[in-house]
Every structure is written in C-alpha cells, then in structure tokens.
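Model, not experiment: these values are computed from the prediction. A note on names: the letters A, B, ... follow the listed sequences, proteins ahead of strands, and every chain is numbered from 1.
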Amino acid sequence: MMEQLWLIPALPLAGFVVNGVLGRRVSKAVVHTVAIGTVALSFLWVLKTLSALMPLETAHVERYGTWIASGSLEFALEFAVDRLTAVMLLVVTGVGLVIHIYSVGYMAHEGGYYRFFAFLNLFMFFMLTLVLANNFLLLFVGWEGVGLCSYLLIGFYFLRRSATTAGNKAFIVNRIGDFGFSLAMFLMVVTFGSLDFAKVFPAVEKMPVEAAAGVVTAICLLLFVGATGKSAQIPLYVWLPDAMEGPTPVSALIHAATMVTAGVYMIARSWPLFTHAPLAMDVVATIGLLTALVAATIGMTQFDIKKVFAYSTVSQLGYMILGVGVGAFGAGIFHLVTHAFFKALLFLGSGSVIHALSGEQDLRKMGGLRKHTPITFVTLVCAGVAIAGVPPFSGFFSKDEILLAAHHHHPWMYWIGALTAGITAFYVFRAIFLCFFGEYRGEGRPHESPPSMTIPLIVLAALSLGGGFLPVPHFLDPVFPAMEGQHESALVFVSVALGLAGIGVAAWFYVLRPGLADRVAASLGGLYRLVYNKYFVDEIYWAAVVRPVVGGSRTLLWRVMDAGVIDGIVNGIGGRARDAGRLVRLLQSGNIRSYATWVLLGSVFAIIGMGLAGGLR
Amino acid sequence: MSEHLLSIVLFTPLAGMFVLLLLPSSNRKLIRVWANIAAFAGFLVSLPLVFRFDRSAEGFQMVEKAPWIPALGAHYYLGIDGISLLLVMLTTVTGFIAILSSWSAIDRYEKQYYAMFLLQQTGMIGVFLSLDFLLFYVFWEIVLVPMYFIIGVWGGPRKLYAAIKFFLYTLAGSVLMLLGILTLYFQHHAQYGVYTFEIDALMQTAMPLHLERWVFWAFFIGFAIKVPMFPFHTWLPDAHTEAPTAGSVILAAVLLKMGTYGFLRFSLPLLPKAAIDPWIVHVMVGLSIVAIIYGALVCLMQDDWKKLVAYSSVSHLGFCTLGIFSLTPNGLAGSVIQQINHGISTGMLFLIVGVVYERRHTRLIREYGGLAHVMPNYAFVFAFAMLSSAGLPLLNGFIGEFTILQGAFEANRVWAAFAVTGIILGASYLLWLYQRTMLGRINNPKNLKLPDLNLREWAVFAPLLVWALWIGVYPKPYFEILEKPVAQLVERVRPGYFEAQAAKAPLEAAQAMESRMEAGIR
C-alpha cells in the first residue's frame with residue numbers, strides 16, 4: 001500500500017520552484033501564501049499518512065526506483081517511515097510551519113522576500129528527505145542539501161561581509177564533517193555491500209563480535225565526525241555561533257530546531273551500529289558532555305542575545321549527543337523534540353525583541369521591555385523555565401531522562417551534566433532579566449510585534465510548557481533497544497535544585513543587585529576574558545589551520561613550486577633549446593667559404609672516424 | 001547511409017568548415033550564422049548515436065573499416081563503445097555551445113576563427129572514434145593546430161607565449177607517445193608477421209613486463225601532459241588564461257579528456273601488465289592525489305578569476321585519473337562520468353568568466369564584487385555552476401566524485417582519505433571566489449551598470465544547467481552505458497576480478513563466518 005510519502009518533501013520543493021521562478025514578479029502576499037501553503041499541505045499530509053499508518057510498529061517503506069547503479073552496487077530511491085521518522089516529520093513540518101508563519105511578520109520590511117521563502121522551502125525539502133531516507137546515501141543528500149540552505153540563508157544579507165563569511169565558514173566546516181561521513185559510507189559499502197538501513201543494520205547484528213569491533217567502531221567514529229559538523233559539537237561547533245548572521249527565523253528553524261539536530265537523528269537512526277561499538281559510544285558521550293559544558297560557560301558571558309542562545313543551542317545539542325552516546329536514544333530524541341519547541345521559541349522571542357528595537361541585539365542596550373512587549377516577555381519566560389528544567393515543564397522531563405541515563409553510564413557524567421543544567425538556567429535567565437527587567441537602556445520606542453509573530457510565540461510557549469507530557473519516549477520504545485535503569489529520585493532533586501539555583505543567581509545578579517555581575521567579572525579577570533573570548537578557539541583555528549594553508553599555498557606551492565620549480569624547468573628546457581639553436585645558427589652564415597671550411601672539416605672528421613672504426617683499410 | 005553514421009558524425013563539422021571557407025569574409029553575420037548552423041548540425045547528427053547505441057552489447061558498435069595506407073597496415077577504422085559515446089556527445093554539445101558563445105566575443109578574422117573551431121571538432125571526434133592507432137595519432141595531432149591558432153591569434157595579452165608553450169609541451173608528449181606506438185607496432189610484427197595499427201589486433205601482442213613498462217611510460221608522457229597530470233600541468237593555466245572564452249571551454253571540456261581517454265583506451269587494455277604493476281599504480285595514484293590537493297590549494301591563492309578555474313581543472317582531473325588507476329568498476333565508471341561532469345561544470349565556469357570579461361575586459365577578481373545586485377540571473381547561474389563543481393548532491397559533480405572515491409576506497413583506504421580532502425578544499429576556493437566576485441556591495445563604479453545575461457547567453461547556459469541537473473538526479477542511464485566497457489576494462493587488467501568479487505560478497509561472507517562459528521559451538 002503506497003502512502004505517497006514522496007509528497008511530503010515534494011510539496012515544499014514545488015513551493016521553492018514556484019517562488020524561485022516567479023517570486024520576483026509577484027506580490028509578497030502571493031510569495032508567502034505559496035511558501036506557507038506548501039508547508040501546511042506537507043504538514044497535513046504527514047498527519048494523514050501517520051494516522052493511516054498507525055500504530056506503525058514496523059517501518060513502512062516505499063521504493064520509487066534506483067538512483068545509482070554501478071557495478072554490484074545499487075542505491076535505491078527509497079523512503080521509509082517508522083516511529084522515529086514519524087516524530088521527526090511532526091517536529092520538522094510542525095515547527096517549520098509555525099516559523100514560516102512567523103517569518104511573514106518578521107521579514108515584512110526586508111528585501112529579497114521571495115528569495116527568503118524560496119530558500120526556506122528548499123530547506124524543508126532537504127530536511128524532510130533527510131528524515132525520510134531509507135539509506136545512508138539519500139540521507140546524505142538531505143544532509144548536504146540542508147547545509148546548502150543553511151549557507152544560503154546565513155548569507156541572506158549578502159551585503160554584509162560578516163554574513164557571507166559566516167556562510168562560507170558554515171559550509172566549509174560542515175564539509176570537514178562530511179569528510180568523515182563520506183569515508184563512513186565508503187567503509188560501509190566495503191563491509192556490508194550496501195548503504196540500505198534494511199541491509200546494514202541486520203548485517204551488524206549478525207556479525208561476530210570480534211569481526212565487528214574494529215570496523216564498526218571505525219564506521220561509528222567517522223559518522224560521528226559528520227555529526228560534530230552538522231550538530232555543532234567540539235571541535236567543529238565554531239560555525240554555529242557565527243551562523244546567527246542569518247535572519248532570526250532561520251536561526252530558529254535551521255540553527256536550533258531542525259537542521260542542527262540532524263546529527264543526533266543520524267546517530268539515533270544508526271543505533272544498531274553504535275551499540276556494537278562501545279568505544280565509539282564513549283567518545284560520543286564524552287564529546288557531547290564536554291560540548292554541553294564548554295558552550296554553556298561561553299553562553300554566560302555573551303551580550304548579543306542571539307549569541308547567548310546560539311551557545312545555548314550548542315550546549316543543548318551536547319546534551320542530546322550525550323543522551324544518544326550513553327545509549328538513551330529515546331531520551332536524546334525526546335530532548336530533540338522539547339528543545340525544538342523551547343529553543344525555537346527563544347529565538348523567535350529574541351527575534352520579536354530585535355524587531356521591537358529595530359535591529360538591536362545587544363543585551364546591554366535593552367532592559368525593562370516587559371512593559372512594552374508583554375506577550376514576548378511572557379512567552380520567553382515560558383521558554384526559560386522549560387530549558388532550565390523546572391518541573392513540570394518540557395525540558396525537565398527530557399533533560400532528566402538524559403542525565404539519569406548518564407548517571408547509569410558513569411556517575412561523573414551526571415554531575416557534570418547537572419552542573420551544566422545550573423549554568424544553563426543562569427545564562428537563560430540572565431538574558432531574560434537583562435532584556436525585560438530594570439530600566440530601558442536603549443534609544444527608540446520599543447513596540448510589541450504583530451499577531452503573525454506573537455501567535456507563533458504563544459503556540460510554541462504552550463508546547464514548551466506542556467511538551468514534556470507528550471509520550472515521546474514511550475512511543476519510541478519499539479524502535480530503540482531497551483534501557484535497563486532505575487529511577488533515582490534523589491538525583492532528580494539535585495538537578496532541579498541546581499536549575500533553580502541558576503535562576504536564583506541570575507535574579508540576584510541582574511535584578512536584585514545590578515552591577516554585581518560586572519564586579520564579579522572584573523574580579524575574575526583573566527578567566528572571565530578567556531571565557532568571554534570563547535576560549536580563543538576561532539583565533540587558534542585561524543592561526544593553526546587557515547593561515548598556514550592559505551599562506552603556504554600562495555608562497556610555497558604557487559610562487560615557488562609552480563611558477564618557480566616546474567615552470568623554471570620547462571622554460572629552462574625551452575631556453576636551452578633556443579640557446580642550442582642560436583649556437584647552431586652561427587653555422588648558417590651564408591658565406592660560401594665558411595661552408596667550404598665546414599665541409600672540409602666534416603670530411604676530415606668523417607674519414608678519421610671511419611678509420612678509427614676500421615671502415616677503411 | 002546509416003552504416004556510416006560515425007563517419008557522418010565525424011565529418012559534418014569538416015564539411016561545414018569547407019562551406020564556410022567559400023563564404024565571403026566580408027559578410028561577418030553570414031559567417032557567424034553558418035558556423036552556428038554547422039555546429040548545431042554536428043550535434044544533431046550525433047544524436048542518433050544515443051538512440052542506436054546498444055547498452056547491453058559488448059565491444060565496439062557501428063564499426064566502419066576500410067584500408068587507408070595498406071603498405072603500413074593502417075586502416076580507416078572507427079567504432080564506438082560507452083566511453084567514447086559519452087565523450088563524443090560531450091564534444092558535439094560543448095562544441096556547439098562554444099561556437100554560440102563566441103558570437104560577440106570574436107570581432108576579427110571571424111572566418112578563420114570559426115574554420116579552426118569546426119576543424120577542431122572533427123579532430124576531437126576523430127580521437128574518440130578511432131580504433132586504429134595511427135588514425136588516432138593523426139587526429140590527436142590535428143587537434144593541436146587549431147587550438148594553437150585559437151590561443152595565438154584570438155587570445156589575451158600573453159597569447160604567443162601561451163600558445164607556443166601549449167604547442168611544444170603537447171608536441172613533446174605526443175612524440176614520445178609515437179615511439180610507444182611504434183614499439184607496439186614492431187613487436188606485433190615480430191610475433192605475428194603482420195604490420196597493423198588496429199587496437200584489437202595490438203591487444204593480442206604479448207610483451208615482457210619490462211617492455212610494457214617502457215611503453216607505458218612513453219604513453220604516459222603523452223597522455224599525462226594532455227590531462228594534465230601533476231607535474232606536467234604548467235602549460236594549462238597559461239593556455240586557459242590567454243585563450244578566448246570558447247577556446248577555454250573546449251580546452252577544458254574536451255581536449256583534456258583526450259588524455260584520460262588515452263589511458264582508458266590504450267594504456268590499460270594494451271598494457272594490462274604494466275597497468276597493474278604496483279609501482280606504476282602507486283606513481284599514478286600518487287600524482288593524482290597530489291594534483292587533487294595541490295590544484296585546489298593553488299586555486300585558493302589566485303588573483304585571476306580564469307586562472308583559478310584553470311587550476312581547479314588540475315584538481316578535478318586528478319579525481320578522474322585517480323578513478324582510472326583505482327582499477328575498480330566504480331572508479332572507472334566514476335572517472336568517465338566525472339570527465340563529462342568536468343566538461344559541464346568547468347565549461348560553465350569558463351563561460352561565466354567570459355560573460356563578465358566581455359563586459360569589463362578584466363579577469364582580476366578584485367575588480368569585481370557585488371555583481372549579484374546588478375546581475376541576479378548571472379549570479380544564479382554562477383551559483384549553480386559552483387555547486388555542481390563542488391559536488392553537491394543532486395547535481396552532477398557529486399555522482400562522479402562519490403563513485404570515484406568509492407572505487408578508490410575499495411582499492412586503498414588511505415588514497416580515498418587523502419582525496420576526500422580535495423572536496424573540502426574544492427568548496428573553499430569556490431565559495432571564496434563567489435563571495436569576492438558576487439556578494440557584498442559594489443565597490444567598483446564600473447560594475448554598477450553591467451547588464452544581466454541576454455537571451456543568447458541564456459541559450460548558452462541552459463543546456464549545461466539541464467545536463468548538470470539530469471546527471472545529478474537521474475544518473476542511471478550513464479551507468480548503464482558504461483557498465484559493459486568498464487567491466488571489460490577491469491576484466492582485461494585484472495582477469496577474474498568479477499568472479500572473485502561474487503565469491504566474497506561481504507554479506508554472505510559474514511553469514512558464512514557466523515554459520516561456521518555456530519557449527520563450532522555445537
């Protein structure tokens with residue numbers, strides 16, 4: 001039975017084509033009607049399909065043909081839906097639809113309106129392809145495609161050099177991740193003869209443990225290199241904070257709710273591989289945890305509201321990666337879902353603030369906005385309590401599931417994760433307090449955003465508050481291996497207490513004792529500067545990688561090697577030939593007597609030569 | 001008529017050239033129109049090849065054979081297989097596009113220019129169709145002449161230096177290649193008592209390994225200069241930079257492929273022992289990987305837009321030779337597809353430089369910037385070409401690179417790992433070029449009034465855009481066309497390869513191991 005799954009990505013693709021071709025000639029109303037309409041239809045088609053396929057205990061597969069067939073290899077055009085894909089489809093189309101609607105208000109005064117919506121639709125196409133793909137190659141198509149859209153949308157304001165540079169950085173850093181992903185695919189083809197989920201995963205199960213250990217670990221580590229790029233983990237996270245150059249709806253949709261979670265999805269999807277590679281799992285968990293902590297500390301010190309939330313995204317992605325790394329795949333995906341709600345809300349809310357202040361993003365120039373933008377204020381607080389893990393809001397459930405699984409894995413992972421939760425609560429409420437409390441420190445007249453923006457905020461706020469009651473982990477039970485574990489209710493209290501403490505400290509610093517934060521920062525001196533400057537990672541990469549490559553290429557390779565050595569030799573040969581020609585040319589003097597002399601000399605040499613050779617006797 | 005299809009395809013451009021020579025030089029419009037008609041006719045007559053080609057047949061098809069120089073045993077011997085079919089189609093399509101793109105760029109000696117182009121078309125098609133080594137050699141040399149004049153007469157400021165460098169470089173290579181051909185020729189005579197240049201006959205010649213090695217290196221010089229492989233590539237940036245746009249397009253799209261085609265058609269099948277000689281394979285792969293990375297790194301630093309595209313060819317052709325010498329079905333099929341892809345993508349990139357060069361008469365990157373404002377359609381086409389060249393999935397480049405790298409990985413994992421870095425660098429130099437030329441504000445007032453693409457320019461790009469998308473989305477027919485010739489090549493160089501592969505299909509192997517283990521437990 002065909003459910004025409006292909007329609008789900010094809011609808012936004014159609015929107016992209018229509019707006020791409022005609023968008024310049026039609027009114028803004030037509031542009032956003034097409035863009036939102038196709039995404040809405042796609043969302044409805046997801047609902048229809050899923051209701052028809054429920055309870056979806058096994059995957060529903062649809063095959064449309066062969067894409068590449070080379071030698072013994074065959075890569076199919078195949079989409080599949082199982083419960084994991086179902087969750088992803090709902091998040092992508094649902095949150096995507098909300099953000100499309102929000103963009104109408106946010107982008108109303110921007111140039112390139114059709115371009116924005118066309119790219120957004122193209123993104124939906126690739127993201128939906130990514131989650132529907134039934135083999136790694138097709139997943140990679142979506143993976144690269146969302147990267148392209150990310151590049152296009154980060155550089156949307158292409159007059160700004162910082163924006164286009166950030167776009168390049170995102171693309172190239174992701175390419176470094178793709179290096180790992182590609183090699184993982186090649187290794188899978190060599191090992192399993194296929195990239196189909198339906199062939200690779202059962203084959204891993206059947207592999208004898210000794211044979212599997214090395215090669216599967218290698219595959220998993222290479223896949224994880226890909227994930228560190230897309231999901232912004234150490235050491236490749238550096239592109240995501242810069243990606244905030246894009247319009248805020250893009251930050252919400254691509255760089256918070258959906259695309260950056262592709263790495264988490266990919267690892268969860270590949271759990272049969274990862275569970276056979278405990279070493280790789282440990283690497284994944286450790287990197288995730290480390291990323292969560294490091295990014296959270298940076299988030300404490302930033303003053304650009306979007307940068308705070310960007311580092312927060314990196315940190316929260318670290319949690320998800322930690323979750324899948326300790327084998328709590330369901331919890332990782334659950335956190336992906338709740339994070340999609342509250343982080344999209346944080347970005348859209350900050351977008352509403354920026355919109356209210358006509359483009360101001362510096363927290364130091366905000367303050368007191370709760371009177372001017374009440375809806376934005378209330379919704380952002382909803383997002384804040386959700387991400388801070390205050391019960392019973394959504395982040396509490398998903399984060400605690402991850403932390404408990406981490407404790408089961410290694411208790412120290414729990415403690416670092418819980419500490420990070422406290423830091424998270426602190427930096428989020430620091431931003432909220434700086435923005436909405438105290439006195440207004442900027443110029444201009446702030447105003448609340450139009451309903452097309454506030455209604456999406458309210459929808460997401462409801463989901464952020466109540467999303468924890470969605471039975472996502474239970475729904476995903478049939479997909480993932482069972483976690484054995486026991487509930488340590490004492491630990492739950494610890495992390496909640498740390499979260500509340502973080503909020504309390506933020507309130508103490510920024511509401512009750514304004515100015516205290518600056519004094520603390522000053523007393524920390526070098527440590528503060530280190531964190532404020534993001535541990536100088538960008539500068540280190542620049543000095544250690546970019547400059548040597550670029551400079552070395554110019555001087556050593558091009559100037560010295562190409563123009564100097566190789567062309568030197570070539571032109572040298574040419575020059576010697578010309579010199580030889582010049583020398584020989586002297587013989588051609590046109591003087592009969594000199595020719596006669598040469599003839600005579602030649603004859604003498606010839607006779608002597610023949611004599612020596614014994615020719616004359 | 002129909003049994004002479006290959007001859008018709010081969011000589012249509014030449015016939016067009018002869019008619020062109022009869023036209024009055026003063027009537028420039030007529031000359032242009034006729035040249036375009038002749039080139040388009042060349043494409044039209046080649047179309048039936050696609051439909052009449054039998055994908056399931058082994059060996060050469062539509063063969064034509066007649067004595068040519070009986071005293072030497074040379075034949076007029078043409079035939080086509082999947083590899084040459086794709087390259088001939090690439091030639092006829094890009095030939096027509098190149099001629100169309102010259103419409104307003106060439107404003108002196110039009111008659112001679114278009115005559116040279118049409119002659120060159122016949123020469124290149126001849127190279128891909130010849131099954132007689134001497135006939136091949138004649139076409140190979142014929143191609144040199146028009147390109148020499150195209151660069152030397154209609155080129156940029158340093159055109160003479162570039163043209164002579166191009167000519168001497170490639171001539172030196174082909175002389176050595178001729179020595180190799182003659183060695184084969186005499187060896188064959190010594191063994192069979194017949195003088196012949198037919199490739200299928202020469203394939204029967206058995207030579208000791210050391211001699212095969214020598215002949216391989218003789219061929220190598222000829223082909224490697226043409227490709228060009230590192231370190232024989234330094235003629236390329238000069239020739240490309242100085243050539244007129246259409247010359248660069250043909251040079252990149254087709255002429256370079258004569259070198260890779262030479263490896264596929266001659267080096268591998270005629271010298272199978274040398275071709276799997278580990279030392280030779282390592283040198284060839286090593287040079288390919290160096291070309292991939294080195295070419296890309298040098299691209300990063302170019303100030304000259306056209307030179308950047310030229311160096312990117314070195315990098316891309318490195319992938320093609322890597323695919324060939326991986327000696328796996330994936331590597332070889334990917335290599336041929338990548339040769340087509342390179343023709344499409346790099347052809348487009350050269351045309352893109354040509355568009356602004358015609359408007360501004362400079363190739364320096366820093367003269368541009370922010371062109372996307374005044375030329376949005378142009379910016380779109382450039383972005384498309386850039387992504388196709390950078391190997392983005394659903395466009396052509398990805399299909400070729402992925403298959404080549406898969407093939408290389410099967411042969412040796414380290415090779416593939418090195419080559420993949422070329423993809424990172426490829427994205428870097430292209431994105432940076434795009435940023436510097438198209439994005440940002442317009443700082444140079446001369447660029448404020450640049451007109452966007454006109455209808456003729458759209459007509460030039462449209463077929464290439466469609467082709468790039470076609471290969472990216474639906475590459476299946478290409479793999480089908482290549483399946484037989486590639487399998488034949490692999491079987492020739494590595495006899496028994498496919499049987500061995502079938503025997504150790506990985507999944508079954510794992511299952512077999514498991515069942516053995518179970519048996520052991522019991």
### Message
Let's test your reading of the structure: which of B:M438, B:K165, B:Q302, B:E483 forms the most heavy-atom pairs below 4.5 Å with chain A?
### Response
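Winner by heavy-atom pair count: B:Q302.
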### Query
Using a cut-off of under 4.5 Å for heavy-atom pairs, which of B:L168, B:T403, B:I399 has the most such pairs with chain A?
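Highest number of heavy-atom pairs under 4.5 Å: B:I399.
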### Task
Let me know which of A:W239, A:F171, A:F119 forms a ring-ring contact (aromatic ring centres under 6.0 Å, His included) with A:Y151.
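The ring-ring contact (aromatic ring centres under 6.0 Å, His included) with A:Y151 is passed solely by A:F171 among A:W239, A:F171, A:F119.
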### Query
How are the rings of A:F75 and B:F402 set relative to one another: parallel (under 30°), tilted (30 to 60°) or perpendicular (over 60°)?
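Answer is perpendicular, since the angle exceeds 60°.
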#### Entry: Choice from A:R24, A:R161, A:R175, A:R160 maximising heavy atom contacts with chain B below 4.5 Å
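The candidate making the most pairs under 4.5 Å is A:R175.
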#### Entry: Winner by heavy-atom pair count (cut-off under 4.5 Å) against chain B, out of A:V141, A:L137, A:N168, A:T165
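With the most close heavy-atom pairs to chain B, the winner is A:N168.
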### Message
Strictly below 4.0 Å, N to O, side chains only: are A:E144 and A:K230 in salt-bridge contact?
### Response
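Answer for the salt bridge query: no.
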### Message
Under 4.0 Å between a side-chain nitrogen and a carboxylate oxygen: does that hold for A:E78 and A:K199?
### Response
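Salt bridge absent between A:E78 and A:K199.
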Checking [X] against chain B: side chain, backbone, both or neither under 4.5 Å from a heavy atom?
{"X": "A:L183", "answer": "both"}
{"X": "A:Y157", "answer": "neither"}
{"X": "A:L187", "answer": "both"}

#### Entry: Residue B:W458 excluded, over 12 heavy atoms near CH2 under 6.0 Å
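Check passes, neighbour count above 12.
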